[in-house]
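Note on naming: letters A, B, ... go to the chains in the order of the sequence lines (proteins, then strands), and numbering restarts at 1 for each one.
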Protein chains: 2
Amino acid sequence: MPQTSSKKKISRNTISRLSLYLRELTRLEQDGKKAISSSDLAELTDLTDTQVRKDLSHFGQFGISGTGYEVSKLKEAVRNILGKDKVLDVILIGAGNLGMALLSYPAFREQGFSIKAAFDIDTRKIGNKTSEIEICDIEKVQEFLKKDKVKIALLAVPAFSAQKITDTLVNCGIRCILNFAPIVLRVPDEVVVSNVDLSKELEVLSYFLRTAE
Amino acid sequence: MPQTSSKKKISRNTISRLSLYLRELTRLEQDGKKAISSSDLAELTDLTDTQVRKDLSHFGQFGISGTGYEVSKLKEAVRNILGKDKVLDVILIGAGNLGMALLSYPAFREQGFSIKAAFDIDTRKIGNKTSEIEICDIEKVQEFLKKDKVKIALLAVPAFSAQKITDTLVNCGIRCILNFAPIVLRVPDEVVVSNVDLSKELEVLSYFLRTAE
DNA sequence: ACTTAATTGGGAAAAATTTCACAGATAGCA
DNA sequence: TGCTATCTGTGAAATTTTTCCCAATTAAGT
Ligand SMILES: NC(=O)c1ccc[n+]([C@@H]2O[C@H](COP(=O)([O-])OP(=O)(O)OC[C@H]3O[C@@H](n4cnc5c(N)ncnc54)[C@H](O)[C@@H]3O)[C@@H](O)[C@H]2O)c1
Ligand SMILES: NC(=O)c1ccc[n+]([C@@H]2O[C@H](COP(=O)([O-])OP(=O)(O)OC[C@H]3O[C@@H](n4cnc5c(N)ncnc54)[C@H](O)[C@@H]3O)[C@@H](O)[C@H]2O)c1
């Protein structure tokens with residue numbers, strides 16, 4: 001309702017596709033490519049040229065009729081749309097098998113995400129250090145968020161404790177959660193959750209495998 | 001075009017939601033709940049009651065007017081729709097940080113997925129054993145798939161080698177790929193790919209964080 | 001047996017998303 | 001300069017997805 005900005009609402013799928021464009025544009029720039037057409041970008045992302053143009057058109061005009069898009073200019077534009085002009089700080093909750101994989105994934109930092117802190121409840125893990133990040137006691141997360149206004153949390157704890165932690169995080173100012181636990185989190189309207197649900201993905205594959213036969 | 005089965009095409013999103021229903025129904029059954037209404041199931045999955053009923057209606061009539069759904073009956077029905085009446089065999093390609101997390105995740109087996117084999121190219125990893133699964137030389141994957149007709153692969157290799165491995169896997173009969181590498185895979189029409197793209201998810205959160213301000 | 005309340009299934013309407021189609025812009029070349 | 005190729009941006013149309021709505025069904029209470 002209080003849509004502060006003047007823009008119309010953009011769907012999550014549109015934003016997901018922008019992320020794909022950004023990835024390809026980054027590669028193209030590294031490869032020294034100067035210009036690209038919507039149909040070539042569509043080819044790279046397995047979409048259609050009109051889809052590409054329509055997606056971009058929600059945010060402005062970035063191309064030149066007859067010529068296409070300048071790679072580095074479009075890349076910057078998409079980066080800005082996605083809010084990647086600044087480094088994006090995140091915290092990690094749960095340094096188990098999955099959490100540790102996330103912590104030691106160098107591409108996050110390269111892509112402008114910075115894991116500022118990691119928290120766990122297991123005393124055997126607290127104090128360990130990986131990739132410059134020390135794992136802290138989950139009890140300290142409240143205190144941490146009072147000082148460091150991180151807005152995004154990666155949630156990699158077991159399902160049974162995910163909701164409780166979520167409530168704490170939201171209370172401490174977390175506004176976005178990337179949730180790996182197989183549970184539908186309850187959050188206030190202003191908090192955004194993305195779910196990474198591997199069982200769901202496998203079941204989708206299972207369904208299509210079955211129906212293809 | 002050659003739509004073998006008589007059914008109309010069901011969207012991926014519908015199937016994703018069925019997976020959510022299945023998860024909740026499984027919990028409800030474990031908790032001893034006998035019956036549930038579409039609106040209660042919607043509440044649990046953060047959807048609407050009409051969405052739940054419409055999704056199910058594509059596959060038959062599972063409820064009783066005025067009463068709702070019998071939990072165990074609906075659970076079985078959804079399980080069958082998703083092809084989970086049989087154990088689903090998968091292989092893992094790439095036993096790095098992420099691959100090892102997948103390998104040691106017990107919930108997959110509990111949910112009817114079975115990792116039959118794991119493959120890597122790194123000689124330091126080949127021969128190691130985790131959760132009863134020995135990591136094999138990737139060179140052996142072709143041979144393995146000749147004997148074991150596994151149809152689903154979890155692909156957790158670096159992006160630069162993902163396409164090449166994919167071509168091999170598809171040649172050897174793999175029909176579904178759960179891809180963790182940040183790349184759009186090229187596959188023939190009959191092969192289904194699901195992408196788990198964490199950077200994409202984070203960028204979606206970044207966008208919504210920015211626009212919420 | 002009758003009434004009331006709850007609930008499904010599915011056609012119809014509404015909303016959202018994708019695709020179509022084309023005017024207008026640009027570059028290359030004769 | 002004029003012609004042709006190409007390509008964008010965007011309303012309009014088509015398609016897909018979601019929501020609305022209600023007749024029909026069931027259970028429970030009186
Ligand atoms: N590992 C996988 O491949 C995989 C796949 C799909 C989904 N998941 C999901 O991801 C989540 C994490 O999986 P995992 O394999 O890393 O599990 P894990 O058990 O290895 O790690 C969970 C970690 O969370 C910590 N923890 C528990 N309660 C906590 C709390 N209240 N506060 C802070 N930390 C807490 C534990 O000490 C542990 O270190 C789970 O919800 C799991 O279902 C994992
Ligand atoms: N770790 C994360 O948190 C994370 C997050 C997002 C995406 N990803 C993606 O998931 C994939 C795996 O990530 P990771 O962190 O496990 O990387 P990793 O480097 O730890 O592991 C990759 C593994 O693949 C193996 N490999 C390389 N080429 C191979 C080949 N041709 N055949 C078989 N095995 C091969 C390597 O030996 C290594 O063991 C990557 O594409 C990465 O971009 C990882």
Side-chain angles (χ1 to χ4, degrees), chain A residues 1 3 7-21 24-25 28 33-78 81 204 207-208, chain B residues 1 3 6-21 24-25 28 33-75 77-78 81 204 207-208:
Chain A
M1 195 81 51
Q3 190 78 19
K7 289 165 202 155
K8 56 198 162 304
K9 179 123 175 299
I10 306 291
S11 79
R12 187 178 278 237
N13 283 348
T14 300
I15 305 302
S16 289
R17 287 190 299 263
L18 287 186
S19 171
L20 289 189
Y21 305 152
E24 296 304 326
L25 290 165
L28 289 165
K33 195 130 195 296
K34 296 295 176 218
I36 189 165
S37 68
S38 58
S39 54
D40 287 352
L41 190 50
E43 172 71 30
L44 290 172
T45 51
D46 206 16
L47 299 165
T48 64
D49 57 342
T50 36
Q51 182 81 84
V52 170
R53 293 201 301 278
K54 183 66 86 181
D55 285 341
L56 296 174
S57 77
H58 293 122
F59 302 95
Q61 303 186 176
F62 307 102
I64 303 163
S65 292
T67 303
Y69 302 88
E70 197 186 312
V71 170
S72 60
K73 185 160 156 282
L74 185 57
K75 192 206 79 175
E76 279 311 308
V78 177
I81 294 166
V204 168
Y207 171 82
F208 284 111
Chain B
M1 195 81 52
Q3 192 76 16
S6 63
K7 290 163 200 155
K8 57 199 159 304
K9 179 122 176 300
I10 305 291
S11 80
R12 188 179 276 239
N13 283 348
T14 300
I15 305 302
S16 290
R17 287 190 298 264
L18 288 185
S19 171
L20 288 189
Y21 304 151
E24 294 307 325
L25 290 165
L28 289 165
K33 195 127 195 299
K34 297 293 177 219
I36 190 166
S37 68
S38 58
S39 56
D40 287 351
L41 190 50
E43 172 71 28
L44 290 173
T45 50
D46 206 16
L47 298 165
T48 64
D49 58 341
T50 35
Q51 181 82 84
V52 171
R53 293 201 299 278
K54 184 64 83 184
D55 285 342
L56 296 175
S57 77
H58 292 123
F59 302 95
Q61 303 187 178
F62 306 102
I64 303 164
S65 291
T67 303
Y69 302 87
E70 196 185 314
V71 171
S72 59
K73 186 160 156 280
L74 184 58
K75 192 206 78 173
V78 177
I81 293 166
V204 168
Y207 171 83
F208 285 110

Trainee: Send over the distance from B:Leu41 CG to C:dT8 C1', rounded to a whole Å.
Mentor: 13 Å
Trainee: Report the residue (A:Arg17 or A:Thr50) whose heavy-atom-nearest nucleotide on DNA chain C is the more 5′ of the two.
Mentor: A:Arg17
Trainee: I want to confirm an ordering. Mapping B:Thr67 and A:Thr14 to their closest nucleotides on DNA chain C, which one lands closer to the 5' end?
Mentor: B:Thr67
Trainee: Quick one: A:Asp49 CG to D:dT10 C1', roughly how many Å, whole number?
Mentor: 14 Å
Trainee: Please state how far atom CG in B:Asp40 lies from atom C1' in C:dT8, giving the value in whole angstrom units.
Mentor: 14 Å
Trainee: Might you point out which heavy atoms bring B:Phe208 and A:Arg12 nearest each other, and give the distance in Å?
Mentor: CZ-CA, 4.2 Å
Trainee: If you check every side-chain atom of A:Ser37, which of C:dT26, D:dT8, D:dT26 has the closest atom?
Mentor: D:dT8
Trainee: Which listed nucleotide (D:dT10, C:dT8, C:dT19) is nearest to the side chain of A:Gln51?
Mentor: C:dT19
Trainee: Whole-Å distance between C:dA16 C1' and A:Lys9 NZ?
Mentor: 10 Å
Trainee: Find the distance A:Ile10:CD1 to C:dT17:P and express it as a whole number of Å.
Mentor: 10 Å
Trainee: Output the rounded distance in Å from CG (A:Asp55) to P (D:dG9).
Mentor: 12 Å
Trainee: Would you say A:Lys33 has more than 12 foreign heavy atoms packed within less than 6.0 Å of its NZ?
Mentor: yes
Trainee: What integer distance in Å separates B:Leu74:CG from C:dT7:C1'?
Mentor: 14 Å
Trainee: Between D:dT8, D:dT10, C:dG10, which one does the side chain of A:Lys54 approach most closely?
Mentor: D:dT10
Trainee: B:Gln61 side chain: which of C:dG9, D:dG9, C:dA25 is closest?
Mentor: C:dG9
Trainee: With sugar-phosphate meaning primed atoms plus P, OP1 and OP2, does B:Ser38 contact a base, only sugar-phosphate, or nothing at under 4.0 Å between heavy atoms?
Mentor: sugar-phosphate
Trainee: For D:dA5, measure the glycosidic angle (O4'-C1'-N9-C4 for a purine, O4'-C1'-N1-C2 for a pyrimidine) and name it syn if it falls within 90° of 0, otherwise anti.
Mentor: syn
Trainee: Does B:Tyr69 put a side-chain nitrogen or oxygen below 4.0 Å from OP1 or OP2 of C:dG9?
Mentor: yes
Trainee: Check the side chains of A:Ser11 and A:Thr14 for a donor-acceptor pair under 3.5 angstrom, ignoring hydrogens and angles.
Mentor: yes
Trainee: Taking all heavy atoms of B:Asp40 and all of B:Ile36, pick out the closest pair and write down the distance.
Mentor: CB-CG1, 3.6 Å
Trainee: Which nucleotide wins on minimum distance to the side chain of B:Thr48, given the candidates C:dA21, C:dG9, D:dT19?
Mentor: D:dT19
Trainee: Counting C-beta onward and ignoring hydrogens, is there a side-chain heavy-atom pair between B:Asp55 and B:Ile10 closer than 4.5 Å?
Mentor: no
Trainee: Using purine N1 to pyrimidine N3 plus N6-O4 or O6-N4 for Watson-Crick, or N1-O2 and O6-N3 for G-U wobble, each under 3.5 Å, what pairs with C:dT26?
Mentor: none
Trainee: Toward the 5' end of DNA chain D, which comes first, A:Leu56 or B:Ser11, by nearest nucleotide?
Mentor: A:Leu56
Trainee: What is the distance from CG of B:Leu47 to C1' of D:dC20, rounded to the nearest Å?
Mentor: 17 Å
Trainee: Looking at C:dT8, I'd like to know if its phosphate oxygens (OP1 or OP2) sit under 4.0 Å from a side-chain N or O belonging to B:Arg53.
Mentor: yes
Trainee: Identify which nucleotide among D:dT10, C:dG10, D:dT8 has an atom closest to any side-chain atom of A:Ser57, counting heavy atoms from C-beta outward.
Mentor: D:dT10
Trainee: Does the side chain of A:Leu56 come within less than 4.5 Å of A:Leu18's, by heavy atoms?
Mentor: yes
Trainee: With a 3.5 Å limit on both atom pairs, tell me what D:dA5 is paired to, counting Watson-Crick and G-U wobble, or say none.
Mentor: none
